[in-house]
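Taking it in order: structure first as structure tokens, then the write-up.
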Amino acid sequence: MYMSTDEVRNAFLSFFESKGHQIVDSSSLVPHNDPTLLFTNAGMNQFKDCFLGLEKRSYTRATTAQRCVRAGGKHNDLENVGFTARHHTFFEMLGNFSFGDYFKEDAIKFAWEFLTEVLKLPQERLLVTVYKTDDEAFDIWNKQIGLPADRIVRIGDKEGGKAYESDNFWQMGDTGPCGPCSEIFYDHGDHIWGGRPGSPEEDGDRFIEIWNNVFMQFNRLADGTMEPLPKPSVDTGMGIERISAIMQGVHSNYEIDVFQTLIKAAAEVIGYEDLSNQSLRVVADHIRSCAFLIVDGVMPSNEGRGYVLRRIIRRAVRHGNKLGAKGAFFHKLVGPLAEVMGTAGQVLKEQQAVVEKVLRIEEENFGRTLDRGLAILNDALDSLSGKELDGETVFKLYDTYGFPADLTNDVARERGFTIDEAGFEAAMEEQRQRAREAGQFDTDYNAKIKVDGSTEFCGYTATEGRSNITHLFVDGEEVTSLSAGDKAIVVLDETPFYAESGGQAGDTGVLETTAGRFVVEDTQKLGNAIAHHGVLKEGVLAQGDEVKALVDEARRVASSLNHSATHLLHAALRHVLGTHVAQKGSLVRAENLRFDFSHLEAMTADEIKRVERLVNEHIRRNHVIETNIMNIDDAKQKGAMALFGEKYDDEVRVLSMGEFSTELCGGIHAHHTGDIGLFKIVSESGIAAGIRRIEAVTGDAALDYLESQHAKYEHKVEEMAHKAKSLEKEIQHLKDKLASQASSSLVSQVKEISGVKVLVAQLDGADNKALRGMVDELKNQLGSGIIMLGNVADDKVGLIAGVTKDLIGKVKAGDLVNMVAQQVGGKGGGRPDMAQAGGSDAHALPAALESVDAWIAERL
């Protein structure tokens with residue numbers, strides 16, 4: 001019976017839903033609040049706290065189709081991808097989970113029913129493994145399912161290994177939950193080499209594991225003791241690619257519908273015809289991990305998760321280059337991927353433009369250096385006398401050309417060489433923060449403080465309350481009492497303190513008793529409990545004490561205003577920029593808010609203005625901020641948006657601000673949008689390709705910001721005015737100096753008319769205001785005489801006449817300047833000794849000045 005991959009996925013989820021399981025959406029590939037993982041690499045990751053007893057959900061049975069990536073850290077399949085039948089960087093894990101509900105019997109029966117009755121796999125093709133001492137699982141398979149004993153393989157501990165080191169015994173860590181496994185294998189037929197599990201030929205491809213049932217049965221203590229868990233649980237996983245291969249009658253995962261579609265699309269955009277080429281497999285695999293990592297907020301960078309993404313992109317581009325790809329091609333596969341993924345591709349369709357842009361930019365950047373780097377690498381390989389490429393060359397290719405070491409290793413391996421990894425590591429010593437920074441995720445998960453019980457949160461409607469201390473911790477160890485000065489964690493049975501979540505900072509405040517005063521500096525979630533982090537300032541505290549819990553109300557209010565503003569901002573951005581905008585993170589605290597979102601380019605000044613005005617418009621509308629508790633499916637039908645990185649139960653809080661904004665949110669908010677008062681964007685910037693960040697302030701902080709900006713600009717204006725006056729004085733001084741120098745040169749043009757010194761001259765581009773000073777200077781130099789100056793500046797005529805006092809009885813400056821002005825389209829006048837005028841006809845000035853000598857001669 002043929003089934004497409006999408007049909008297999010839907011059949012699996014529907015089957016377990018019919019068995020009372022809650023269908024839970026795939027979580028992000030970036031693990032939520034789990035520092036132990038680089039990427040989500042198994043279906044159980046999002047349920048880890050449930051298995052550890054740190055989190056309780058409204059359901060005890062769940063089923064998922066979880067997106068997974070294994071391309072860094074301990075689970076790195078990168079080198080094998082494309083060269084084997086079943087290695088991938090990205091895969092989907094189908095799983096069903098029981099949190100203290102059913103155990104081995106139901107888990108085994110469910111698996112068998114789905115495989116043999118829903119998928120109708122031939123029973124004779126299936127065989128199973130159990131842990132060597134797990135007689136219970138053996139008997140269920142043998143006596144209840146009816147599987148012959150010769151098709152049930154007992155797998156023991158690895159030779160020379162410790163107890164419980166077995167492929168059929170699962171452990172979360174050196175301590176903590178663990179238990180035996182029962183794996184189901186499919187026999188592809190004797191025409192394929194390989195032996196049964198546990199045999200010397202088990203690494204062959206004939207018998208392929210398709211389903212693993214993990215029975216969390218024990219809690220392993222540090223001394224190795226295995227304590228039975230009070231509520232044993234089940235964690236299962238089945239790779240969708242492997243089961244799809246069986247349902248489609250093929251052997252290799254790369255032959256299933258998803259990969260065949262992607263391989264053909266890759267061949268088309270590259271321009272390559274041989275569909276069997278392994279490089280096409282690499283490209284087809286890598287587009288899946290790259291696209292979905294970007295969807296989940298990972299951007300190419302030089303560290304951590306971003307660097308792993310960059311490595312995968314560059315590996316895909318290099319393989320496309322091998323096949324003759326011209327120009328950017330990789331981003332063109334996002335569309336075909338979104339289509340072929342069916343129901344699982346919807347999240348990709350919603351962000352397709354962003355994903356394509358990020359991949360195209362990264363591909364183009366790498367493409368500029370790819371050819372040169374490959375040429376250097378091939379030259380280095382050609383010149384080798386041995387079979388190992390030195391670490392220094394590997395590092396140079398990495399540092400100068402952006403070639404990750406595993407990409408260099410790929411090329412070298414294809415040509416029969418190896419690389420000096422130790423030498424490369426030595427050269428990388430000062431740049432360890434790059435690819436190897438994945439080591440920062442190697443944290444002991446079991447060191448996490450565990451709290452039995454939960455804290456009831458009463459802070460939606462109150463900022464103070466009375467409750468009892470249930471747990472006290474100092475340096476991670478539980479204690480019964482605190483003394484003054486102790487830095488500690490206090491857990492209460494009920495609290496009004498909001499624990500950091502959804503980007504909103506935890507509350508601060510005080511816990512008071514008659515004997516002590518504990519200052520709360522931060523509030524965090526601790527599984528189902530709420531942890532108050534702080535210092536005992538005075539007195540003592542003990543388990544069981546009743547405390548008065550007082551939240552810092554001013555900070556709570558300011559934080560809630562900012563949180564409500566992020567919802568309005570999100571809606572406004574989608575309205576102005578488009579519905580591709582999706583939240584990629586936020587920080588909400590009393591001082592300000594920060595909002596990260598997907599968008600391809602920097603916002604323009606006009607877009608920022610429109611977003612800011614739209615938010616403030618809805619603040620002025622004073623919408624009631626309503627909160628409703630409803631089923632998550634009903635919430636999604638209402639159009640509620642889920643926030644990035646958040647996990648939601650089947651009952652959720654839906655926050656609405658009129659019809660403008662509807663989102664799922666468990667945070668603290670204002671009562672009306674009008675409470676926000678004022679919203680002001682402080683900055684807009686890029687933090688990664690396709691990801692922008694807005695920082696903003698609200699309420700009093702917005703007023704403070706505007707006042708500070710006003711004061712700053714006012715001070716700046718005063719500075720500029722003072723500087724302008726100073727410059728004007730300096731300019732005038734220079735002009736006067738120039739006028740003085742010019743007047744000295746004009747003296748040589750003085751002539752005598754009837755024994756009187758006369759100076760008539762035309763100036764071009766001189767400062768009209770400086771002419772008066774120039775005339776005064778000339779009069780002083782002449783002692784006795786008549787001066788007539790004309791000036792052209794900006795196509796306008798300026799005229800000035802000066803007569804020494806001994807001659808004003810014969811010639812008056814006002815009459816002289818008026819005579820000339822009338823000839824250049826103007827008029828003027830003034831005192832007998834000094835007069836100015838203007839005109840509009842610059843072309844007439846030379847002739848007008850030539851008439852001055854005759855006019856003066858008549859009066860002398």
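Along the sequence shown, the residues carry numbers beginning at 1.
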Strictly by modelled atom types, are [X] and [Y] linked by a side-chain donor-acceptor pair under 3.5 Å?
{"X": "H722", "Y": "E718", "answer": "no"}
{"X": "T804", "Y": "D806", "answer": "yes"}
{"X": "Q352", "Y": "E356", "answer": "yes"}

Side chains of [X] and [Y]: does their closest heavy-atom pair fall under 4.5 Å?
{"X": "L763", "Y": "M774", "value": "yes"}
{"X": "H567", "Y": "H618", "value": "no"}
{"X": "C290", "Y": "L309", "value": "yes"}
{"X": "I625", "Y": "S564", "value": "yes"}
{"X": "V269", "Y": "L333", "value": "yes"}
{"X": "L569", "Y": "F597", "value": "no"}
{"X": "L593", "Y": "V697", "value": "no"}
{"X": "L799", "Y": "M788", "value": "yes"}

For residues 697-707, pull every pair meeting salt bridge (charged side-chain N to carboxylate O under 4.0 Å, His left out), keeping only residues two or more places apart or in separate chains. none
Ignoring hydrogens, what is the shortest heavy-atom contact between [X] and [Y]? Give both atom names and the distance.
{"X": "A565", "Y": "F679", "value": "CB-CD1, 4.1 Å"}
{"X": "L568", "Y": "M657", "value": "CD2-SD, 3.5 Å"}
{"X": "V803", "Y": "K812", "value": "CG2-C, 4.4 Å"}

Above 12 or not: heavy atoms from other molecules or residues under 6.0 Å from CD of E659? no
What orientation do H599 and H580 show, parallel under 30°, tilted 30 to 60°, or perpendicular over 60°? parallel
Does [X] come within less than 4.0 Å of [Y], counting only side-chain N to carboxylate O?
{"X": "E364", "Y": "R360", "answer": "yes"}
{"X": "E684", "Y": "R692", "answer": "yes"}
{"X": "R314", "Y": "E362", "answer": "yes"}
{"X": "R831", "Y": "D833", "answer": "yes"}

What verdict does the side-chain contact (heavy atoms from CB on, under 4.5 Å) test give for V355 and L348, after you've listed the backbone C-alpha separation in whole Å, the side-chain angles of each residue and the deciding distance to 0.1 Å? CA-CA 8 Å; V355 175; L348 180 55; 3.9 Å; yes
Using the side-chain contact (heavy atoms from CB on, under 4.5 Å) rule, take L778 and L789 through it: C-alpha gap first, then chi angles, then the decisive distance, then the call. CA-CA 11 Å; L778 288 166; L789 301 178; 4.2 Å; yes
Interatomic distance, [X] atom [atom1] to [Y] atom [atom2] [nearest 0.5 angstrom]:
{"X": "L845", "Y": "E850", "atom1": "CG", "atom2": "CD", "result": "10.0 Å"}
{"X": "H669", "Y": "D675", "atom1": "NE2", "atom2": "CG", "result": "12.5 Å"}
{"X": "L374", "Y": "N321", "atom1": "CG", "atom2": "CG", "result": "6.0 Å"}
{"X": "R693", "Y": "I691", "atom1": "CZ", "atom2": "CD1", "result": "10.0 Å"}
{"X": "R589", "Y": "N592", "atom1": "CZ", "atom2": "CG", "result": "4.5 Å"}
{"X": "L573", "Y": "Q583", "atom1": "CG", "atom2": "CD", "result": "10.0 Å"}

For [X], all residues meeting ring-ring contact (aromatic ring centres under 6.0 Å, His included), sequence neighbours excluded:
{"X": "Y705", "answer": "none"}
{"X": "H672", "answer": "none"}
{"X": "F366", "answer": "F403"}

Check the pair D853 / I753 against side-chain contact (heavy atoms from CB on, under 4.5 Å), numbers first and verdict last. CA-CA 8 Å; D853 288 356; I753 299 176; 3.8 Å; yes
Distance flag, aromatic centroids of H570 and F595, threshold under 6.0 Å: yes
Considering residues at least two apart in sequence or located in another chain, which fulfil the salt bridge (charged side-chain N to carboxylate O under 4.0 Å, His left out) criterion with E617? R621
Determine whether T523 and E500 satisfy the following criterion, side-chain contact (heavy atoms from CB on, under 4.5 Å), listing intermediate values before the conclusion. CA-CA 6 Å; T523 308; E500 179 181 333; over 6 Å; no
Report all side-chain donor-acceptor pairs from residues 815-828 shorter than 3.5 Å, counting only partners two or more places apart or in another chain.
{"unit_1": "N818", "atom_1": "OD1", "unit_2": "G828", "atom_2": "N", "d": "3.3"}
{"unit_1": "Q823", "atom_1": "NE2", "unit_2": "S851", "atom_2": "OG", "d": "3.0"}

